[in-house]
Amino acid sequence: MTVDEPPIALSDQRRQAMAVRLLAWYDRHRRHLPWRAAPGDRADPYRVWLSEIMLQQTTVVTVKPYFDGFLARWPSVADLAAAPLDTVLSAWAGLGYYARARNLHKCAQEVVARHGGAFPADEAALLALPGIGPYTAAAIAAIAFDQVASPVDGNIERVMARIHRVEKALPAAKPEIRTLAQTHTPPRRTGDYAQALMDLGATICTPRKPVCALCPWQADCAAYAHGAPMTWPRRTPKAAKPHRTGLAFLYYRGDGQVLFRRRPEQGLLGGMTEVPCSPWLPQSEAAEVDFDNLLKAAPIAANWATLDGQVQHVFTHFSLALTVLAAQTDARQVPVEDCFWHPLDDLESLALPTVMVKVLQHGMRQLR
DNA sequence: AAATCGGGGAA
DNA sequence: TTCCCAGATTT
């Protein structure tokens, strides 16, 4: 294997042969997933759409129980459209990227109102729906409707970057890689081809240690010929995450109810339920604000007990350390708008993001 | 073009 | 720890 050999320029004929070989590999190694139809059958667009939204930046293993739960609770897009948003958010709780859940609900309502309850087959019409971007529109068009479309996800990006040894770094290389993917897309069995390519990326052409010995495209791969396929795709380094701190106010009653608050519709954890908190300040700013000042953010003044330790949580673009303060009361009224009392033994009906589950667990361990 | 938006599994 | 996952939307 040479190190300086240029990438292989692939002819149309060669790309066609590659697609045939990949589909043959897929027919032998096809994974069964809950949203996939039996071989030869047309997939249910509702299932394909629901799975594709859940799978955005989320692993198959994580999605499976959520997919099963949603399908059991809302068997059709009309059922989902008729559900209150809060029940959708609570069912989505823990899956992350909560704008997906809000857009999922909005999309279901648009499919019912504007498309008679049936997803459009056209890629452009799909792209116009909430929460459906370029990848998802192409994926639904190809997988559910067998249209010729080229979805490009992280797996396909990686495969294309290796096959063609793309030197430009991601994310700047996305347009180039999208064009490359289109030149490989076959005119028939396009949905199977897209899923085959994603399976290839998930099981063979993996980020760390690709299993090139089992790859149906080994002979076509410029990165394999180079000898170090794992060094593609190139990526621009990511910025370090800043750190934020804040207080969480755990206010509990003798009858087992705790004070919660609904977060604003927009922004981080939008529309989700939280334990009331002070602002989450960058560490540099938090150092300038004294403890008593942060206490003013509490919805009810109280004789707070500071719990030991902190709750640690990492979001996409910052990490967070919350100090939990606890106080007991027999208050019945709702002190501030958007706040409400809710029994601790019925957390399932709340839309609690993971960081708030951590806060409650942190509190329960020390208050019993 | 860059920033925002979760959470978890794997190495 | 670091990486990255069937990305979309907003700024």
Side-chain angles (χ1 to χ4, degrees), chain A residues 31 33-36 43 47-67 89 92-104 106-107 126-144 149-159 161 169-175 177-178 181 191 193-203 205-210 230 233 235-242 263-272 274 312-320 351-358:
Chain A
R31 295 185 294 168
L33 300 172
W35 42 88
R36 279 187 178 167
R47 291 186 178 220
V48 173
W49 164 71
L50 182 60
S51 69
E52 291 298 346
I53 301 299
M54 288 184 168
L55 286 163
Q56 288 167 5
Q57 296 293 288
T58 310
T59 57
V60 167
V61 172
T62 302
V63 163
K64 272 181 177 170
Y66 285 89
F67 179 83
L89 289 178
W92 195 277
L95 196 52
Y97 283 158
Y98 297 99
R100 291 185 297 173
R102 301 193 298 274
N103 284 328
L104 184 86
K106 195 184 306 177
C107 182
L126 288 163
L127 188 59
L129 290 166
I132 298 183
Y135 162 77
T136 305
I140 297 173
I143 296 170
S150 298
V152 180
D153 73 330
N155 290 303
I156 298 178
E157 268 183 358
R158 184 170 57 255
V159 172
L170 287 169
K174 283 175 181 289
I177 291 176
R178 179 181 296 274
Y193 171 83
Q195 293 177 90
L197 208 39
M198 289 188 266
D199 276 13
L200 187 76
T203 64
C205 196
T206 53
R208 312 272 180 133
K209 291 169 62 181
M230 66 293 284
R235 286 185 190 276
T236 55
K238 293 169 184 171
K241 284 181 186 180
R263 292 178 61 88
E265 292 301 318
Q266 309 296 330
L268 185 72
L269 308 177
M272 302 294 285
E274 66 176 357
Q312 304 288 337
H313 193 74
V314 180
F315 292 100
T316 305
H317 57 293
F318 67 91
S319 59
L320 176 68
L352 282 176
T354 297
V355 62
M356 292 302 151
V357 174
K358 289 183 183 177

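Throughout, a chain's letter reflects where its sequence line sits, starting with A, and its residues are numbered from 1. Computed from a predicted model, the values in this text were never measured in an experiment. Both backbone and side-chain heavy atoms feed into the values below; hydrogens, waters and symmetry mates do not.
A distance of 9.0 Å separates OH in A/Tyr66 from CE in A/Met54, rounded to the nearest 0.5 Å. Summarising the geometry, atom CZ belonging to A/Arg158 is positioned 11.0 Å from atom CD1 belonging to A/Ile177; distances are rounded to the nearest 0.5 Å.
Remark: A/Thr136 is in phosphate contact with C/dA8, judged by side-chain N or O atoms under 4.0 Å from OP1 or OP2. For B/dG7, the OP1/OP2 oxygens have a side-chain nitrogen or oxygen of A/His313 closer than 4.0 Å. Note on A/Arg100: every side-chain N or O is 4.0 Å or more away from OP1 and OP2 of B/dG6. Residue A/His317 places at least one side-chain N or O closer than 4.0 Å to OP1 or OP2 of B/dC5. Proximity of A/Tyr97 to the phosphate of B/dT4: no side-chain N or O atom is located under 4.0 Å from OP1 or OP2. The side chain of A/Gln57 places no N or O atom within less than 4.0 Å of a non-bridging phosphate oxygen (OP1 or OP2) of C/dC5. Of the side-chain N and O atoms in A/Thr316, none sit less than 4.0 angstrom from OP1 or OP2 of B/dT4.
For A/Asn103, counting side-chain heavy atoms from C-beta on, the closest listed nucleotide (B/dG6, C/dC4, C/dT9) is C/dT9. Closest to the side chain of A/Arg158, from the set B/dG6, C/dC5, B/dG8, is C/dC5.
One can place CG of A/Leu268 at 11 Å from P of B/dT4, the figure rounded to the nearest angstrom. Rounded to whole Å, atom P of C/dG7 lies 12 Å from atom CG of A/Leu170.
Listed by chain and residue number, A/Asp199 satisfy the side-chain hydrogen bond (donor to acceptor under 3.5 Å, both in side chains) test with A/Arg31 (two or more places apart in sequence, or in another chain).
Counting atom types as modelled, A/Thr58 pairs no side-chain N or O with a base atom of C/dG7 as donor and acceptor under 3.5 Å.
Both A/Gln266 and A/Lys209 lie near DNA chain B, and the one whose nearest nucleotide falls closer to the 5' end is A/Gln266. Along DNA chain C, the nucleotide nearest to A/Gln56 and the one nearest to A/Arg208 differ in position, and the one closer to the 5' end is contacted by A/Arg208.
Using a 4.0 Å heavy-atom cutoff across all strands shown, A/Ile143 reaches no nucleic acid atom at all. Within 4.0 Å (heavy atoms only), A/Gly94 reaches sugar-phosphate atoms of the nucleic acid but no base atom.
Comparing the same atom, P, in C/dA6 and in B/dT4 gives a spacing of 25 Å after rounding to whole Å.
Using a 4.5 Å heavy-atom cutoff, the side chains of A/Ile143 and A/Trp35 are not in contact.
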